[in-house]
Amino acid sequence: MFSMKKAAGVSAAVALVLTGAFSVAPADARSKAPAKTLTIWADGQRAPNLIKAIGTLSEQTAGDYVPGYKVDVKGYASFDALKTAIDAATPANGPDIVMGANDWVPALAKDGKLAQFTLSTSAAKNFTANQLGDLSYGGKLYGVPLDINNVAMLTNDDLVQTVPTSFGAMVDYYKANKVSQGLTRGLCVAGGGMSWGAAGVLEALGGAPYAMSGGKAKTTGAPFTVATFANNVKSLLLNSDGTPNGFFTDSDASCKDDFIAGKVPFAIIGNWEWKDYVAEGFDMGMLSAVPGVKAGTFGAGFGSVSGAMLTSFAAQAGDDNAAKSFLNDFFGSAAGAASYEKYEGRPPANKGAAGIASPGLKGFGIAASKASIPQLGTFLNGGAKDTTGLVLGTKAKPGTKGANVPAYWDALPALWTALVSSDSTLRKDPTVASQLFANIMAANAANSVNN
Amino acid sequence: MIIIKWIKESFWRHLVAWAVCFFALFPLYMIVLTSFKKTTSLQVNSFLPTGFSWANFNSLLNNPNIPYFRWMYNSVVIATIVSVVSVFIGAASAFAFSRLRFRGKKTGIQALLLIQMFPSVLALSAVYVIMDRVHTFAPAIGLGTQGGLILVYLGGAMGVNIWLLKGFVDSIPLELDEAARVDGASPMQIYWRIFLPLASPVLAVVTLLSFIGTFNEYILASLFLSDINSRTIAVGLQSFISGEFESNWGPFAAGSILTSVPIVVVFLSLQRYIISGLTAGSVKG
Amino acid sequence: MRILSGIKIAVIAKIILVSLALAILGLLMQSAFMNGDVQIGSFLAVAMVLIALIYFTKISIPMKFFLPGLLLLITFVVVPVVYTVSMAAYQYKTGNKLSKPEALAMLQKSDAFAQVPTEPRYDLKLGWCDGKYGDAKPVAGPICALVTDYTTDKYFLATADKFTVVPKNLVTFSKLGLPNGVTQTGAQPAWEEFYPDEYATYDKLLNATRFKYDKPGMFMKAEGYSVMAVYAARITYDSKADAFTDIKTGAIYKDNGKGNYANTKNAKDVMTPGWRAVVWFDNFVALFTDPSISQPLISVFIWTLVFATTTVITQFALGLLIAIVLQKKIKARWLYRSIIILPYAMPSIMSILIWGGMLNTDFGAVNNLISLIAGHKIHLNWLTDPTLARSAVLLVNLWLGFPYFYLISSGALQAIPAELTEAASIDGASGGQTFRRITLPLLMQMLTPLLISSFAFNFNNFNLIFLLTGGGPRDVLGGASAGATDILISYTYNIAFSKGTENFGLASAISILIFVVVAAISLYGIRRSKVLETFA
């Protein structure tokens with residue numbers, strides 16, 4: 001184990017940073033500065049894996065990755081604890097680099113916790129514009145993309161032998177086999193929840209959190225055509241009397257268990273949990289994006305990246321150049337990203353490291369390539385005000401002026417409840433509910449103008 | 001006659017106990033089912049086990065990356081220190097509030113109550129900032145250390161414990177203190193020689209409550225203890241369910257069950273003090 | 001008189017303990033002052049003086065009992081609370097978290113110059129020029145950068161005041177194809193790369209160096225050790241006017257009094273990061289004027305009171321019932337006791353979340369159990385129907401809290417002298433009468449403070465609401481910002497701490513409001529129950 005780590009470390013070091021300098025033996029008496037330390041904060045999962053890739057502080061030699069530096073990785077117990085810590089961090093104890101979620105970027109940048117980062121030309125080639133956009137705010141990049149997070153729909157090959165090509169085909173299968181197979185639902189969300197994970201269902205039915213144009217989210221106009229979406233909901237998710245047909249429900253409870261037990265034919269699963277399904281004998285060749293209403297189209301799910309971000313504390317500690325170098329030379333390079341993702345086991349954002357992806361992850365990659373939208377915190381996290389009183393109300397019955405407009409994360413689960421809840425008192429007219437949701441997302445988009 | 005007497009005196013007690021035990025155990029049974037399931041989700045559809053697997057316990061106990069017993073040890077040590085020390089310090093204040101006469105007593109008690117009513121979730125970052133500053137000059141008790149965490153816990157436990165103890169202490173009869181006072185004993189001597197022995201059942205209850213509270217605390221602990229070997233069990237288990245995307249319920253459920261064991265053990269070992277009470281010994285003696 | 005016999009040991013023990021405490025605090029104080037933390041140092045000094053005064057003189061006997069607890073309480077509870085409360089006077093939210101000097105320094109650093117998007121991003125190797133081979137370290141540079149434009153395969157050497165094109169044939173390359181040296185020919189300066197340990201040594205110098213670029217108004221700056229970017233001035237700061245001027249657009253940004261430099265012509269155009277500006281009562285005004293905060297406040301407040309009161313009553317009633325039931329030595333009592341303590345022993349996150357799963361309408365164990373008993377399928381919408389959700393919250397909280405009340409009730413029952421109850425029963429009182437007339441009043445005297453304390457805890461029982469219902473069911477699409485089970489603290493949290501739009505200042509203002517209300521209620525409760533009068 002030790003020798004492997006060492007070998008990985010040495011090979012990465014040679015390949016990455018010191019190619020030139022190592023070939024010259026230091027013969028003269030230039031100053032010998034004591035090793036400085038670069039500090040990285042990560043969550044409980046990433047920290048140990050990064051340590052496996054680069055070695056512990058005592059295993060490293062100064063200059064392995066950044067000239068004159070050792071790299072110290074500090075792991076917080078959980079992702080939430082890491083977020084709390086970085087929110088409370090001060091120049092005295094703050095890290096140089098923090099590995100976190102892309103939707104932390106807007107708030108952390110506004111709070112002055114992050115510093116602008118410039119990707120080298122060679123490293124920039126390894127990433128897509130969307131990925132870099134995920135880690136940017138106000139036109140400035142703040143870090144290097146680490147791994148891709150997305151979901152894909154898995155077809156239960158115990159029940160259905162071919163991946164369906166349209167949403168309607170799935171509904172038909174459900175209706176035909178509901179009783180005979182004892183199906184609890186047709187499609188459910190096993191990974192990612194009813195807002196993040198269910199985005200693909202929203203998009204497949206013609207909805208969207210924001211309208212995309214040329215790879216960028218639009219800040220004006222309606223996010224989607226309400227009438228089309230509402231009609232699709234009526235014809236595919238509801239019976240003729242307006243009650244839900246049971247194909248898709250507003251709860252993700254028990255989805256994974258039911259899918260594995262053969263009681264759900266289609267489930268949306270996360271790329272962090274596919275091994276659980278392989279262990280149950282499911283075929284990852286059956287992964288796809290959620291099929292759209294029209295055959296051959298797909299509903300786009302979120303494809304987001306986590307990032308290693310440069311903090312403003314690095315400059316205050318005089319470590320910013322070293323931190324920037326580490327970001328570029330380690331996470332930005334194919335070799336560095338591969339040496340880390342080998343342990344992390346998530347699909348790497350770095351194209352150069354994509355070779356290590358397993359069959360399961362390839363399925364997610366294909367799903368993402370078919371249909372994927374970036375996860376943009378400023379559009380999704382809310383914060384808009386209902387200035388007209390009409391976002392949440394109607395002309396006949398205006399709402400409260402100045403009320404907070406809900407975030408996407410709260411609004412989409414509420415939309416599902418309004419459309420397909422088993423509780424009849426909670427269901428609303430699909431057109432009205434869809435219009436409200438569209439208003440909410442349009443208001444949030446408009447609020448993103450200044451961001 | 002005996003049966004009627006038994007029904008009158010004991011049977012209904014058993015009946016109530018059974019009902020309450022069912023209420024207490026129903027969710028726990030679900031946790032046990034979850035912990036023995038192969039999947040990692042939280043949902044349980046059936047009351048009967050659908051499959052049996054040690055996988056969750058295995059991944060908890062036999063994983064080199066999860067120093068389970070180290071975490072447990074940390075928790076027991078921290079919770080023991082905090083509960084014993086805080087009750088010891090708190091008892092002194094409770095005694096003073098209950099037995100001594102001084103100006104501003106009423107105000108003091110009210111202030112003690114009020115400070116507990118502040119929504120403490122909000123003061124979290126202030127505690128962090130203070131301990132961060134302490135860390136710069138005293139690394140042993142600052143942020144990131146168990147020592148620092150213990151100090152913060154002690155501070156936090158003070159209000160509750162003094163308040164809890166005060167309620168009990170008021171009920172301990174005054175006769176013995178008065179007798180001692182007549183004998184010329186100082187308040188300190190009364191406290192050490194008479195009060196503490198008398199109050200031991202009460203102290204045991206509060207120690208137990210304090211122990212459980214500290215043992216299960218995770219918000220402060222997860223902020224303080226980042227090093228994997230210094231974590232408490234609550235923080236360690238928490239890391240299973242607060243991944244970026246994934247919640248690993250199986251090992252968390254398994255861990256929760258194992259975690260409750262030391263608490264029950266502490267409870268059972270303190271039971272003698274909690275139950276024996278003042279009645280048998282001191283008041284009569 | 002036996003009591004006085006141990007007096008010497010006690011005095012010696014006291015001296016040792018107090019000296020030890022003073023020594024430890026003294027060391028800490030010294031260390032704090034040496035590290036420049038005057039505030040904490042002074043705090044420790046005051047603590048030391050107090051300890052010495054209290055324990056070596058007879059100034060105040062009660063303080064001898066209070067001081068250790070008091071010091072801990074002040075340090076870790078009172079100070080953070082005061083700090084938090086003081087934040088209510090600030091514009092303290094996402095985007096406004098720094099102090100003004102910090103924010104200003106950051107803006108000057110990050111916005112004074114901007115990367116020129118039309119210029120290429122160069123690769124960089126740091127080193128020395130002018131034949132400094134084997135020299136002792138250069139005193140003040142200049143650092144000489146070998147800059148590569150891979151897209152055009154061009155090479156340059158740059159220092160602070162020179163920018164030279166280097167013909168490719170003079171550049172030497174490593175095996176991996178990276179430039180690692182420049183050969184000297186004629187006037188062309190030679191170049192040698194930094195030694196590994198020189199990077200850290202000259203980091204400050206590197207940060208201070210602006211490398212010359214061959215276009216007017218632009219310069220290059222190292223972005224780490226391997227990237228060189230081209231910058232141009234973007235904004236200037238005038239310290240006299242405390243204003244920024246955008247060079248290109250001419251827009252002027254001035255302190256808007258709310259923690260940001262804002263465009264004088266467009267108030268919405270602000271520079272970030274901002275700082276925590278003192279806004280005095282703005283947050284309190286917002287509390288009452290912002291409709292999305294103030295509107296549901298009354299209904300949330302009423303439910304909070306109902307929730308906290310009902311919780312305390314039900315938990316106490318059940319806990320006391322079991323304490324009474326198990327007071328008598330019945331068979332398997334230890335087993336009952338151990339089982340009853342279990343809900344309290346289990347980590348509450350686990351329990352609350354498993355309850356959440358159990359209460360699911362279609363898949364939950366609770367509905368399954370009810371259906372089993374009823375003999376047909378029953379769908380109770382535990383978490384989506386407002387009334388049922390409130391009942392569910394109370395039920396789960398009962399489960400979570402009754403063992404606590406069992407513990408303290410059984411402790412309290414034991415503390416009631418048996419003579420009292422025995423005497424009553426000799427006098428011919430029935431069990432029920434004894435309980436009502438003697439046991440219960442005594443219990444209430446002991447436990448009222450705890451009931452109040454429990455009320456306060458549940459008033460702020462954030463975890464339960466947050467994990468079980470998230471405050472819901474909430475009519476999100478209808479614009480309701482409060483859910484049926486939202487209590488004040490969870491409601492505050494949703495408004496003030498939602499993802500990316502944290503508003504700590506506003507949250508502090510609300511917390512003060514909550515604090516005042518709950519304190520008033522509790523004090524009223526204490527006065528009425530006359531708890532304090534028993535010893536005042």
Side-chain angles (χ1 to χ4, degrees), chain B residues 10 13 16-17 20-21 24 27-28 30-31 42-45 89-90 92-93 95-96 100 102 106 113-119 121-123 126-127 133 136-138 152 154-156 158 163-164 167-168 171 180 185 187 189 193 201 205 216 234 256 259-260 263-264 267 274 277-279 283, chain C residues 3 28 31-32 35 37 40 61-62 65-66 68-69 72-73 75-77 80-81 83-84 322 325 330 336 338-347 350-351 353-355 357-358 363 365 407 411 414-415 417-418 446-447 449-450 453 456 460 462 489 507 511 514-515 518-519 522 532 535-536:
Chain B
S10 293
R13 293 177 194 266
V16 173
V20 175
C21 284
L28 298 174
M30 290 294 156
I31 298 176
L42 187 63
Q43 211 68 34
V44 183
N45 289 338
I89 296 179
S93 299
F95 171 79
L100 303 180
F102 55 93
K106 203 167 172 177
L113 174 68
L114 291 188
I115 199 78
Q116 287 177 65
M117 300 196 171
F118 191 80
V121 187
L122 298 173
V127 174
R133 279 166 65 174
T136 57
F137 65 85
V152 174
L154 282 178
M158 228 24 85
W163 187 253
L164 266 173
F168 283 117
S171 68
Q189 287 160 342
R193 297 301 181 80
V205 175
N216 283 339
S256 300
T259 305
S260 59
I263 293 177
V264 175
F267 171 72
I274 297 169
L278 300 160
T279 41
V283 173
Chain C
I3 289 166
L28 284 175
S31 182
N35 280 277
D37 202 328
I40 293 185
I61 291 185
F65 289 92
F66 283 127
L72 281 169
L73 197 68
T75 315
F76 297 110
V77 180
V81 165
Y83 172 82
T84 308
I322 305 159
V325 164
I330 56 171
Y336 292 139
S338 308
I339 289 175
I340 284 160
I341 195 79
L342 278 172
Y344 194 52
M346 191 64 63
M350 181 73 222
S351 321
L353 290 165
I354 203 99
W355 268 106
M358 286 167 58
F363 309 99
L407 276 178
Q414 298 308 320
M446 275 185 264
L447 297 183
L450 308 195
S453 181
N460 288 321
F462 175 73
I489 183 89
S511 71
I514 298 177
F515 182 67
V518 74
S522 305
L532 290 172
F535 47 33

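By convention in this document, chain letters (A, B, ...) are assigned in the order of the sequence lines, proteins followed by strands, and residues within each chain are numbered from 1. Quantities reported herein were computed from a predicted structural model and do not represent experimental measurements. The analysis underlying the following values was restricted to heavy atoms, covering all of them including side chains, and did not include hydrogens, waters or symmetry mates.
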Proximity breakdown for B:Phe118 and chain C, heavy-atom pairs closer than 4.5 Å: both
Interatomic distance, B:Ile89 atom CD1 to C:Leu73 atom CG [nearest 0.5 angstrom]: 11.0 Å
Atom pair CZ (B:Phe102) and CZ (C:Phe65), whose distance is rounded to the nearest 0.5 Å: 10.5 Å
Residue pair C:Ile40 / B:Arg133, side-chain heavy-atom distance below 4.5 Å: yes
Closest heavy-atom pair and its distance - C:Ile339, B:Ala24: O-CB, 4.2 Å
Proximal component of C:Ile341, with respect to chain B [non-hydrogen, under 4.5 Å]: side chain
Among the listed options B:Gly90, B:Gly156, B:Cys21, the residue most often paired with chain C at heavy-atom distances under 4.5 Å: B:Cys21
Nearest heavy atoms of C:Ala365 and B:Met30, plus distance in Å: CB-CE, 3.6 Å
Any side-chain heavy-atom pair of B:Ser260 and C:Leu342 under 4.5 Å: yes
Option that, when pairs with chain B are counted at under 4.5 Å, heavy atom only, ranks first among C:Val81, C:Ile340, C:Ile489: C:Val81
Rounded distance [0.5 Å steps], CG in C:Leu447 versus CG in B:Leu164: 9.5 Å
Structural part of B:Val16 lying under 4.5 Å from a heavy atom of chain C: side chain
Short side-chain to backbone donor-acceptor contact, B:Ser256 and C:Met346, under 3.5 Å: no
Largest heavy-atom contact set with chain B, pairs under 4.5 Å, which of C:Pro68, C:Pro62, C:Pro343, C:Ala456: C:Pro62
Between B:Val152, B:Leu154, B:Thr259, the one whose heavy-atom pairs under 4.5 Å with chain C are most numerous: B:Val152
Side chains of B:Leu114 and C:Phe515 in contact at under 4.5 Å (non-hydrogen atoms): yes
Region of C:Phe66 that comes under 4.5 Å of a non-hydrogen atom in chain B: both
Residue selection (most heavy-atom pairs with chain C, distance under 4.5 Å) from B:Ala96, B:Pro27, B:Gly155: B:Pro27
Region of C:Leu28 in contact with chain B, defined by heavy-atom distances below 4.5 Å: both
Heavy-atom proximity to chain C below 4.5 Å, by part of B:Ile31: both
Part of C:Ser453 within contact of chain B (heavy atom distance under 4.5 Å): both
Top of C:Val77, C:Ile330, C:Asn35, C:Ile61 for chain B proximity - count of heavy-atom pairs under 4.5 angstrom: C:Ile330
